[in-house]
Amino acid sequence: MQNFKVCGYGFFSVLLVFDLRSLLLLFVIIFAYFLCCCKSHIYLSMAKVIYFEVATVDSKLAKPLNHRRPKRKTKLRKKYRKKFNPWNFQNVAALSIVLVVFFVISMWTLLWYFVCNSVVFFAALFRIANVEFIPEYRQKESREFASMAQNIEVVVNNVYRKSAVSKMYKHSVLSDLSSNNDGGILVYIWMIFVVPKAKKQYACEDCVGVILKDSIQTSLVNRTSVGYLYDLPVDFDSIVVNGNFILRKDYFMVIGFKCSNDLYAEQQGVNIYLSATASSGKTNCHIKLFALPGFLIHLSIESIDIEANDCVEDALIVYDSLMPIRSKVLYKICEPFNSSTMSFVSTGNVMYLSFKASLGKKGFTGNFAAIPQERNNILATQNALDYEGYIKSPYFPSFYPPKCNCTWGFRTPRTNLGIALKFYNYELKEKGLKGCDHGWWKINEKMYCGSYVDYQTIFYIASSKSEIEFQCSSKLSDPAFKAQYASYNINKPCPGDHFLCSTGLCIEISQRCNGVDDCNDESDEVFCSTPLKVCDSSNYQHPYFACNGIRDCEDGADEMNCTMVVPCTNITYKCKNNMCIRKRNAKCDGVSDCLDNSDESNCGCGSKSQGKSRIVGGANADDAEWPWQVSLHFSGTLYCGASVISKEWLLSAAHCFGTEKLSDPRPWLAYLGMRVQGNPKFFSEIRRIVVHEYYNSRSFDYDIALLQLKNTWPKSLSSVIQPICIPSIIQSVQSGDKCWVTGWGKKSEGDSESPSILQEAEVEIVSQTVCRMRYGPLSSRMICAGVASGKKDACRGDSGGPLSCPEKSGGKWFLIGIVSWGVGCGRPNLPGVYTRVSKFASWIQNYVV
Ligand code: ARG
């Protein structure tokens with residue numbers, strides 16, 4: 001067990017002391033100045049005081065010298081002594097003025113220093129080329145470290161003291177040196193600025209970074225990124241400067257358990273145990289991990305005890321550096337995980353762990369080891385036939401780092417055989433103009449982007465010879481993936497009577513156009529003609545008609561025997577007791593269908609208290625008409641909509657929280673039971689935002705997020721606040737079904753103002769086939785709704801809000817869609833695109849019980 005030594009404030013306290021000392025000095029100067037300046041005003045009384053003291057001393061000496069002194073002077077002194085009273089009004093007034101002025105000046109200075117200024121720390125990292133790392137650089141007490149520190153600090157001081165921010169710049173301190181596996185050393189420094197609040201914008205991260213970058217004289221001759229910062233050969237491309245406002249608070253303010261440690265993996269492959277536990281108080285640990293130069297760090301986290309609150313209070317953050325630099329985050333663990341371990345790999349031989357936790361018993365355990373770098377160009381030339389083996393992401397099954405590169409080569413025995421790659425939760429799509437977020441692939445000179453999905457896909461390479469190159473391209477570490485490879489017949493990828501899905505899967509021809517998404521991307525369900533309503537025995541069983549709650553056949557045969565227990569398939573309703581029935585819309589329809597009655601439990605949702613029941617082309621909603629409608633405000637501004645789905649959970653769109661700033665729950669407020677903006681019946685802060693792990697910001701796939709409220713809404717408000725029902729995964733909606741979209745979004749595309757009254761508009765579900773004709777490929781997690789003329793649609797500001805549809809039998813309202821995207825607003829033949837909520841029924845259930 002590794003015990004962390006409890007540390008004090010380290011060198012930060014030195015910085016603080018340094019600043020306080022200068023402050024004290026300032027006071028003394030001000031006081032001296034004050035004495036000089038104010039001399040004339042209080043001269044008389046001061047003179048008396050001073051004289052009085054001199055006289056006292058003199059008088060002590062006076063006796064033996066008495067005979068030498070002229071009598072007149074002694075008389076004069078006696079006169080003064082008699083007359084002088086230090087507590088007379090004049091003296092007390094003068095003293096008080098001095099004290100008051102001194103007090104006011106001190107207070108003002110303190111106030112100015114701490115209120116009008118902020119101390120801002122910047123973490124900077126760069127590579128110095130042409131310097132070899134020596135073991136002495138690890139020891140901060142060593143002469144070598146000290147001389148390197150002095151050299152670097154002088155250079156950085158020179159740069160900033162001659163820059164536009166020189167007045168704010170205080171000094172820099174070298175924090176660490178590490179070896180760079182590809183040559184040179186990496187330098188980590190803290191730069192300290194005292195920034196007047198009014199001038200905060202001049203000390204921005206980019207502004208400070210640019211100064212360092214601009215000071216590098218790059219030599220265009222040798223065309224490398226290494227230039228000179230005074231006499232230091234610095235790699236221009238390696239410079240990262242990060243403002244650390246939050247960190248400063250972490251370092252100084254946390255009272256409770258603090259730990260810091262430097263741990264070394266001296267031998268390859270030997271696991272070193274890691275743990276941090278705190279039983280009470282706040283925890284704040286900073287752990288630096290080092291491996292031998294040339295090696296990487298493999299970190300495994302085995303268990304973690306923290307509260308899930310989006311890393312606001314509890315977090316284990318893994319950095320690919322020796323300092324908490326934002327752009328070097330490898331991964332943030334914000335909540336306990338279910339899997340047995342989570343492991344990560346660094347890109348260099350160092351890692352930095354920051355573990356913070358609020359009150360309570362918190363901690364984590366794990367281990368780390370030095371591992372060799374996986375070499376590129378793993379060339380596996382295969383005679384593939386049938387599934388032969390796997391290609392795996394680097395360092396499988398660990399998360400792979402943001403920087404990596406692998407290549408694989410395949411050769412099949414015959415020219416008519418290509419290579420098929422079967423991925424389990426990953427998909428390759430042709431690369432568009434935008435970059436790739438989760439892996440960049442070059443396959444036989446063509447570019448593809450990878451993304452994570454929750455189903456299998458098969459990628460076919462129609463060539464007997466293939467070269468595959470994979471490059472990591474995400475900001476953080478990405479989860480591992482693997483693909484099974486096999487050869488396939490280029491002319492006939494699927495067996496005889498099978499249909500080839502766009503996901504690469506082969507499905508039986510009978511599954512095509514059966515109303516069920518068998519391909520996982522609905523490629524088997526588009527461009528299907530509506531099945532004829534011929535109510536013979538073969539047709540009434542068609543999933544399009546059977547057990548969907550609508551009597552299609554005159555004799556009602558299509559709706560018969562729907563609650564009989566049948567084997568479970570992907571078109572059956574699963575009761576809690578794991579028995580399945582064919583009735584698709586069994587959930588909360590007012591009829592007990594499951595033997596255990598589970599289809600009618602938890603149905604306190606989807607009831608509207610109002611009878612009648614911008615959105616573009618909408619009308620003002622009535623009071624409490626859409627009791628699940630939520631308005632989400634970010635830093636005081638209306639940003640998105642959401643729906644109430646339980647006492648403490650809301651459902652919204654992932655793209656509302658798509659940036660680092662927006663994914664912080666603290667600036668968000670949720671307004672519930674509101675019709676007119678500013679008049680909510682209830683509001684709450686957000687405890688946690690769960691963005692779907694497969695959300696793809698480029699395609700808007702998996703555009704769904706859960707928000708946990710800090711405070712639950714009271715029962716007494718249930719006439720104005722109500723959850724909406726979540727559809728089951730097989731709940732059917734059909735094109736032409738009428739639903740309502742609601743929100744405070746723009747009333748038309750060009751509007752700059754948003755309406756203050758909640759808007760509602762009735763729209764129709766548009767079939768996937770028609771919608772694909774308008775927009776091109778859509779994922780099966782999307783559903784379209786609109787009206788042919790356009791005119792009625794959601795618009796900017798409605799995102800995340802509900803598309804509410806009434807269930808035919810039972811009359812409850814279901815959240816069929818979440819406002820996601822569209823081209824413009826309310827344009828003819830361009831319907832709104834919504835997140836298809838039924839696809840996420842079990843994902844939602846994982847969080848909302
Ligand atoms: N993405 C938009 C938002 O942030 C919603 C757009 C919906 N557009 C549409 N035409 N339906 O509010």
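Start at 1 and go down the list; that is how both ligands and their atoms are numbered.
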Asks: Going by the side chain to side chain contact (heavy atoms under 4.5 Å, CB included) test, name the single residue among Glu625, Glu760, Lys792 that passes it with Trp740.
Replies: Glu760
Asks: Any side-chain donor-acceptor pair under 3.5 Å between His655 and Ser697?
Replies: no
Asks: Would you say Lys328's side chain and Val240's backbone share a donor-acceptor pair under 3.5 angstrom?
Replies: no
Asks: Applying side-chain hydrogen bond (donor to acceptor under 3.5 Å, both in side chains), which residue pairs with at least one partner in residues 640-652 are found, sequence neighbours left out?
Replies: Glu648-Gln708
Asks: Going by the rule side-chain hydrogen bond (donor to acceptor under 3.5 Å, both in side chains), which residues pair with Arg774 if we only count those two or more places apart in sequence or in a different chain?
Replies: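 Result, side-chain hydrogen bond (donor to acceptor under 3.5 Å, both in side chains) vs Arg774: none returned.
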Asks: What are the atom names and distances for all N or O pairs under 3.5 Å between ligand 1 and the protein?
Replies:
from	atom 1	to	atom 2	distance (Å)
ligand 1	1 (N)	His655	NE2	3.3
ligand 1	1 (N)	Ser799	OG	2.9
ligand 1	1 (N)	Ser820	O	3.1
ligand 1	4 (O)	His655	NE2	3.3
ligand 1	4 (O)	Ser799	OG	2.4
ligand 1	10 (N)	Asp793	OD2	2.8
ligand 1	10 (N)	Ala794	O	3.4
ligand 1	10 (N)	Gly824	O	2.8
ligand 1	11 (N)	Asp793	OD1	2.9
ligand 1	11 (N)	Asp793	OD2	3.4
ligand 1	11 (N)	Ala794	O	3.3
ligand 1	12 (O)	Gly797	N	2.7
ligand 1	12 (O)	Asp798	N	3.4
ligand 1	12 (O)	Ser799	N	3.0
ligand 1	12 (O)	Ser799	OG	2.6

Asks: Mind listing the side-chain donor-acceptor pairs of residues 838-849 below 3.5 Å, one per line with the distance, residues two or more places apart or on another chain?
Replies:
from	atom 1	to	atom 2	distance (Å)
Lys839	NZ	Asp517	OD2	3.0

